[in-house]
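Reviewing the structure listed below.
In what follows, every heavy atom counts, from backbone to side chain, and hydrogens, waters and symmetry copies are set aside.
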Amino acid sequence: MSNIKPSLAKGTRDFSPQEMTKRNHIFDTIKKVFKKYGYAEIQTPSMENLSTLTGKYGDEGDKLIFKILNSGDFLSKVNPDLLAVKNSNAVTSQLSEKALRYDLTVPFARYVVMHQNDIALPFKRFQVQPVWRADRPQKGRYREFYQCDVDVVGSESLLNEAEFVLIYQEALSNLGLKDFSIKINNRKILSGIAEIIGKPELIIDMTVAIDKLDKIGFDGVSKELLERGFTQEDIDRLKPVILLEGTNDTKLTTLKQVLSASQIGLNGIEEIELVFNYVQTLLGKDGEQPKLELDITLARGLNYYTGCIFEVKTNEVAMGSIGGGGRYDDLTGMFGLKGLTGAGISFGADRIYDVLEELNLFPESTAAGTKVLISNFDPAAENYALPLLYQLRASGISAELYPSAAKLKKQMGYADAKNIPFVLLIGSEEMQSALLTLKNMHSGEQEKLSIEAVIARLREV
RNA sequence: GUGGUUUUAGCUCAGUUGGUUAGAGCGCCUGAUUGUGGUUCAGGAGGUCGUGGGUUCGAGCCCCAUAUUCCACCCCA
């Protein structure tokens, strides 16, 4: 066995016990909200057939899919002519049949199509699993990270969108976040804008450019729009829309005027208004008001959104979006099941972790480890302790016996390092009297108790 | 895919113009204390300086390549 220096694959991380406690706190909090809104959990395999994933995320996305090399003599299946000209793209499909999942939405679409006869529509599912992207790692960006998705298929109602707003609000504030914005936009409004300036075919270029407004400013956006085929005249017409300010109501009023000639644009405005109304009615007067902002520059990369688009950003820490989603008509069309609409949102658990860590928002006592350690003096004491260990555990007390007769100093040190609050000392004296020494590691106090009294005492705390 | 940056003890990091034996803090181990941790004191172990080449009498330091960290762009959670 050669001695290889251990290292992690780029962009991946280990999660130690303390980190897992915190991560599970996030997952549990989010899942609890999902369940409360009537969503049921599913899981799909880590790997999908490559053909299931390719072509769903655009050219950029396809490059970021982790492909799995075929097993066995994989080169024998490859067309030698393609190999000779070193055309990587052309040989990929012959070298790789499987790939790691890139997101949870496309596998879900596949799932819906394959199980269409078993599921009742509308189908509400949530899914919390890792996804993999062959991106360059940087702040808040990993190659393996968890998404927490909720999606509903088969329901056109905008009530779903409104509930997503409430889910974001509830889950994130349960996690301790105080100042975050839920941004909402509608693809139809963007289409309407592109239609008004007479360049509907450039909608993607338009949205990609104006999406960067808060990053590069209006001048930067103008420059990019010019590069992407818009004229100065177009930009002048776009300017009031891009720089739209004020409350949601003012923005909507302005947009209605600007888009009065675009049926699709007005349609999008109407959808946004319906969502706002649903949210207000759902919350009533007592509900915690979400910071819901209509943001016309919100585009999001994925090409398949067709209606409302969501993105969540925290205002307390510099971090990319911690969640996003939207509606996609014809979610399952790519797998041959037409006319099924879907809508969903996602939480970026790893980014949320980084945010909570930076803001120190993880609860203090999330660690629920061993409550009592039984010391181990010698084989006789160990033998005496074993039934007691069973008794403690049978009473629901998390307990462990130090597995060897090491020096007591070492055993106490172990309890200390592991933050175990009590140590039960059992030596010859204790065995004779059947009164055990229970030491409180925090106060340092010790008392002699029967096993029954020990159990009663430990149950109290 | 593009540009920059990082890598030295288990961890966080010093390391002068290229010059003898590479340091500190924390952690770890041993003892003071054979049945008592977290505090204190005394002592100790631990480094192919990311890896592979090169320049030089001599490289942790200079050059090339490569991996890796972090950051920005593209894109995205």
Side-chain angles (χ1 to χ4, degrees), chain A residues 3-13 16 26 30 57-65 88 101-105 128-149 168 204 207-209 211-212 215-216 220 224 227 298-303 310-314 318-326 344-355 373 375-378 381 402 405-431 436-446:
Chain A
N3 202 354
I4 296 171
K5 197 174 181 181
S7 62
L8 288 169
K10 186 195 286 225
T12 65
R13 299 150 299 155
S16 297
I26 295 175
I30 292 175
Y57 310 107
D59 291 341
E60 287 294 323
D62 281 358
K63 286 181 200 158
L64 300 180
I65 296 172
S88 300
R101 91 164 84 70
Y102 177 89
D103 70 357
L104 301 179
T105 306
V128 176
Q129 287 191 275
V131 303
W132 292 268
R133 295 184 189 176
D135 231 345
R136 284 261 182 117
Q138 54 178 284
K139 182 172 174 124
R141 177 176 297 188
Y142 307 100
R143 287 185 147 186
E144 178 183 59
F145 61 98
Y146 275 70
Q147 287 191 327
C148 314
D149 273 31
Y168 270 138
I204 299 284
T207 53
V208 167
D211 187 45
K212 296 176 189 166
K215 216 173 195 173
I216 59 178
E224 184 147 347
E227 284 164 8
L298 171 59
R300 299 195 50 79
L302 292 176
N303 298 328
F310 295 102
E311 184 167 280
V312 184
K313 294 194 78 169
T314 169
M319 174 66 72
S321 63
I322 55 176
I345 54 168
S346 179
F347 289 75
D350 301 79
R351 284 189 176 174
I352 292 171
Y353 182 101
D354 291 345
V355 170
L373 174 78
S375 69
N376 189 334
F377 284 121
D378 50 45
Y402 199 85
K407 283 184 179 170
L408 194 55
K409 183 184 169 79
K410 185 155 186 155
Q411 303 191 32
M412 299 297 280
Y414 173 80
D416 196 49
K418 230 181 137 177
N419 237 325
I420 300 173
F422 292 94
V423 173
L424 195 56
L425 295 151
I426 302 176
S428 53
E429 192 187 312
E430 284 85 355
M431 285 189 276
L436 315 172
T437 302
L438 182 68
K439 171 162 180 144
N440 180 324
M441 291 296 278
H442 186 64
S443 65
E445 287 166 8
Q446 297 188 181

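Here A/Phe377 lies in heavy-atom contact (under 4.0 Å) with a base. Residue contacts shown for A/Ser321 are limited to sugar-phosphate atoms, with no base heavy atom under 4.0 Å away. Using a 4.0 Å heavy-atom distance criterion, A/Val131 is classed as making no nucleic acid contact.
In this structure, A/Ser375 has no side chain to side chain donor-acceptor pair (under 3.5 Å) partners at least two apart in sequence or on a different chain. Under the salt bridge (Lys or Arg N to Asp or Glu O under 4.0 Å) criterion, A/Asp135 pairs with A/Arg141, not counting sequence neighbours. Under the rule for a salt bridge (Lys or Arg N to Asp or Glu O under 4.0 Å), A/Arg143 has no partner lying at least two apart in sequence or in another chain. Residues satisfying the side chain to side chain donor-acceptor pair (under 3.5 Å) criterion with A/Glu311, sequence neighbours excluded, are A/Arg300.
Between the side chain of A/Gln411 and the base of B/U36, no donor-acceptor pair of N or O atoms lies under 3.5 Å.
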Inset, instruction - Represent RNA chain B in dot-bracket notation, 5' to 3'. Only Watson-Crick or G-U wobble pairs with both distances under 3.5 Å count; pseudoknot-style crossings use [ ] and interstrand partners use |. - result: ((((..(..((((.....[...)))).(((((.......))))).....(((((..]....))))))..))))....
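Across residues 424-431 of chain A, A/Leu425, A/Gly427, A/Ser428, A/Glu429, A/Glu430 each have a non-hydrogen atom less than 4.0 Å from an atom of RNA chain B (numbered order).
The nucleotide whose nearest atom lies closest to any side-chain atom of A/Arg351 is, among B/A77, B/U36, B/C75, B/A77.
Environment of CD in A/Glu445: sparse, with no more than 12 heavy atoms of neighbouring residues, nucleotides or ligands closer than 6.0 Å.
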Please produce a list of atom pairs where a protein N or O lies less than 3.5 Å from an N or O of nucleotides 9-13 of chain B.
none

Distances under 3.5 Å between nitrogen or oxygen atoms of protein and nucleotides 38-43 of chain B:
from	atom 1	to	atom 2	distance (Å)
B/G38	O4'	A/Asp416	OD2	2.8
B/G38	N2	A/His442	O	3.3

Identify all pairs in which a protein N or O lies below 3.5 Å from an N or O of nucleotides 50-52 of chain B, and state each distance.
from	atom 1	to	atom 2	distance (Å)
B/G50	O2'	A/Lys5	NZ	3.4

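Sorted by first and then second residue, the pairs that involve residues 414-426 of chain A and meet salt bridge (charged side-chain N to carboxylate O under 4.0 Å, His left out), not counting sequence neighbours, are A/Glu400-A/Lys418. Listed by first and then second residue, the salt bridge (charged side-chain N to carboxylate O under 4.0 Å, His left out) pairs that reach into residues 345-354 of chain A are A/Arg13-A/Asp350, A/Arg23-A/Asp350, sequence neighbours excluded.
Stacking is not found between A/Phe347 and the pyrimidine-like six-membered ring of the B/A77 base under the 5.5 Å centre-distance and 30° plane-angle cut-offs.
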Legend entry - Contact pattern, 5' to 3', of nucleotides 68-73 of chain B - B, S or - by protein heavy atom under 4.0 Å: SS-SBB
